[in-house]
Protein chains: 2
Amino acid sequence: MKDVCRQAKLSPGAVYLYFRSKESILQALAEGGRSQTAAWLSQCKDLSRVVDLILQQLNLPEAQPVFKLDVQLWAEAIHTPKLAALFQRSEAVLLDGLAQIAKRASPKRTDQQAKTIARLLIAVMTGLELQKAMNPTVELGPTGVLLKSTLREV
Amino acid sequence: MKDVCRQAKLSPGAVYLYFRSKESILQALAEGGRSQTAAWLSQCKDLSRVVDLILQQLNLPEAQPVFKLDVQLWAEAIHTPKLAALFQRSEAVLLDGLAQIAKRASPKRTDQQAKTIARLLIAVMTGLELQKAMNPTVELGPTGVLLKSTLREV
DNA sequence: GCATACAAAACGAATGTTCGTTCTTTTTAA
DNA sequence: TTAAAAAGAACGAACATTCGTTTTGTATGC
């Protein structure tokens with residue numbers, strides 16, 4: 001809360017004019033991440049583009065504080081059903097979107113395979129985000145190239 | 001702390017006979033995870049085995065509470081330098097170990113490529129762990145097969 | 001064999017602090 | 001002049017931690 005006040009340049013009392021509770025702030029934060037994800041997902045017509053955007057986000061210096069925030073949100077979701085449900089819904093949307101893109105690229109893939117690829121992509125994205133959150137000096141290097149080549153092969 | 005007491009079947013006072021503080025408990029927990037990871041890493045002579053063990057762990061029903069705990073530890077590490085340093089050290093060890101295995105399999109890979117593969121594997125592992133922590137009903141399906149085939153191609 | 005003495009272990013209520021929230025007051029702006 | 005916005009002190013609940021007491025287990029005396 002102290003951090004929220006500092007970031008918003010508002011006193012505790014003022015913050016509570018805009019949000020009912022801390023939990024509703026966290027929900028709004030998670031909601032914001034969700035819609036942002038949906039926004040860039042809609043710009044992707046193939047998995048190569050997806051990988052590009054993911055790695056671009058991960059390398060954005062100003063996005064780094066967001067990574068730390070996301071880890072806090074994940075932890076909060078573990079013991080806050082409302083947040084957990086929100087994350088599960090947005091993950092389901094992301095999963096479907098990615099699976100569709102995966103299937104469009106090679107229609108002979110089964111739905112299950114497409115979904116597995118999508119799940120792995122999400123895992124890579126969040127996993128790398130965690131690494132960057134815990135150690136900002138991490139360099140991703142040729143991760144994007146490697147990822148894209150593997151996606152072409154499968 | 002309440003959860004720790006319940007799990008240990010000990011009163012708060014008794015817990016503090018074994019640990020100096022909550023933080024030292026978290027450190028011990030993280031330390032335990034580290035040595036456990038080192039243990040199964042030493043049993044792996046190729047990446048295929050690594051993938052097998054990772055997915056076996058992820059599918060173990062009794063390991064699921066550990067996933068939730070890990071997410072809490074990650075979040076705590078974000079604002080606890082001691083924990084962050086511990087995680088960074090153990091990640092470095094894991095990274096080197098996996099990179100060595102990756103290079104042993106195909107020596108023509110550059111060190112950077114091997115390290116990138118290792119980093120991606122760690123990302124997949126923690127990413128899937130996060131998914132399972134937030135939604136225990138997640139089914140991994142043919143994730144292992146797919147992962148191993150992609151590793152063979154690259 | 002039983003009672004006594006002692007130390008280690010455990011308990012759980014009490015403590016002080018932190019944190020989310022509220023409330024009264026002051027400032028801003030229309 | 002008035003309503004909206006912001007401030008920040010104050011409140012209460014939750015939390016990590018401590019401490020005086022009780023229990024348990026074990027060695028020692030008779």
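Below, read A as the first sequence line, B as the second, and so on, with proteins coming before strands; counting in each chain starts at 1. Remember, it's a predicted structure, so these values are computed and weren't measured experimentally.
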ask   = Is the shortest heavy-atom distance from the side chain of B:Leu121 to the side chain of B:Val51 under 4.5 Å?
value = yes
ask   = D:dT18 P sits how many Å from B:Lys22 NZ, rounded?
value = 14 Å
Shortest non-hydrogen contact from B:Gln131 toward A:Ala123 = NE2-N, 3.5 Å
Check nucleotides 25-28 of chain C against the protein and report each pair of N or O atoms closer than 3.5 Å, with its distance, or say if there are none.
none

request  = Could you give me the CA-CA distance, side-chain angles and deciding distance for B:Glu23 and B:Gln27, then say whether side-chain hydrogen bond (donor to acceptor under 3.5 Å, both in side chains) is met?
outcome  = CA-CA 6 Å; B:Glu23 193 188 325; B:Gln27 282 178 22; 3.2 Å; yes
message = Quick check on side chain to side chain contact (heavy atoms under 4.5 Å, CB included): which of B:Val71, B:Thr126, B:Ile122, B:Ile78 does A:Leu130 satisfy it with?
response = B:Thr126
ask   = Rounding to a whole Å, what distance do you find between A:Lys2:NZ and D:dA7:P?
value = 17 Å
task = Could you tell me whether the side chain of B:Cys5 reaches within less than 4.5 Å of the side chain of B:Leu10, counting heavy atoms only?
result = no
query = For residues 34-49 of chain B, which residue pairs qualify under salt bridge (Lys or Arg N to Asp or Glu O under 4.0 Å), counting only residues two or more places apart or in two chains?
reply = B:Glu31-B:Arg34
inquiry  = Between B:Ser48 and B:Leu151, does the side chain to side chain contact (heavy atoms under 4.5 Å, CB included) criterion hold? Intermediate values first, please.
reply    = CA-CA 8 Å; B:Ser48 163; B:Leu151 283 173; over 6 Å; no
remark   = Closest to the side chain of B:Tyr16, out of D:dA16, D:dC15, C:dG20, is D:dA16
task = Round to the nearest Å and state the distance from A:Met1 atom CE to D:dG8 atom C1'.
result = 17 Å
message = Within a 6.0 Å radius of atom NZ on B:Lys132, are there more than 12 heavy atoms belonging to other residues, nucleotides or ligands?
response = yes
Side chains of residues 84-98 of chain B: which donor-acceptor partners sit under 3.5 Å, not counting sequence neighbours?
{"unit_1": "B:Gln88", "atom_1": "NE2", "unit_2": "A:Met134", "atom_2": "O", "d": "2.8"}
{"unit_1": "B:Ser90", "atom_1": "OG", "unit_2": "B:Leu86", "atom_2": "O", "d": "3.0"}
{"unit_1": "B:Ser90", "atom_1": "OG", "unit_2": "B:Phe87", "atom_2": "O", "d": "3.1"}

ask   = Near DNA chain C, which residues from residues 67-82 of chain A have a heavy atom under 4.0 Å away?
value = none
message = Using side-chain hydrogen bond (donor to acceptor under 3.5 Å, both in side chains), reason through B:Arg152 and B:Ser149 one step at a time and then give a plain yes or no.
response = CA-CA 5 Å; B:Arg152 232 172 281 121; B:Ser149 79; 5.6 Å; no
inquiry  = Tell me every residue that passes side chain to side chain donor-acceptor pair (under 3.5 Å) with B:Arg6, counting only those two or more places apart in sequence or in another chain.
reply    = B:Asp3
ask   = Whole-Å distance between D:dA7 P and A:Arg6 CZ?
value = 15 Å
Protein N or O to nucleotides 10-12 of chain C N or O, pairs below 3.5 Å:
{"unit_1": "C:dA10", "atom_1": "OP2", "unit_2": "B:Tyr18", "atom_2": "OH", "d": "2.3"}
{"unit_1": "C:dC11", "atom_1": "OP2", "unit_2": "B:Ser11", "atom_2": "N", "d": "2.5"}
{"unit_1": "C:dC11", "atom_1": "OP2", "unit_2": "B:Ser11", "atom_2": "OG", "d": "3.3"}
{"unit_1": "C:dG12", "atom_1": "O6", "unit_2": "B:Gly13", "atom_2": "N", "d": "3.2"}

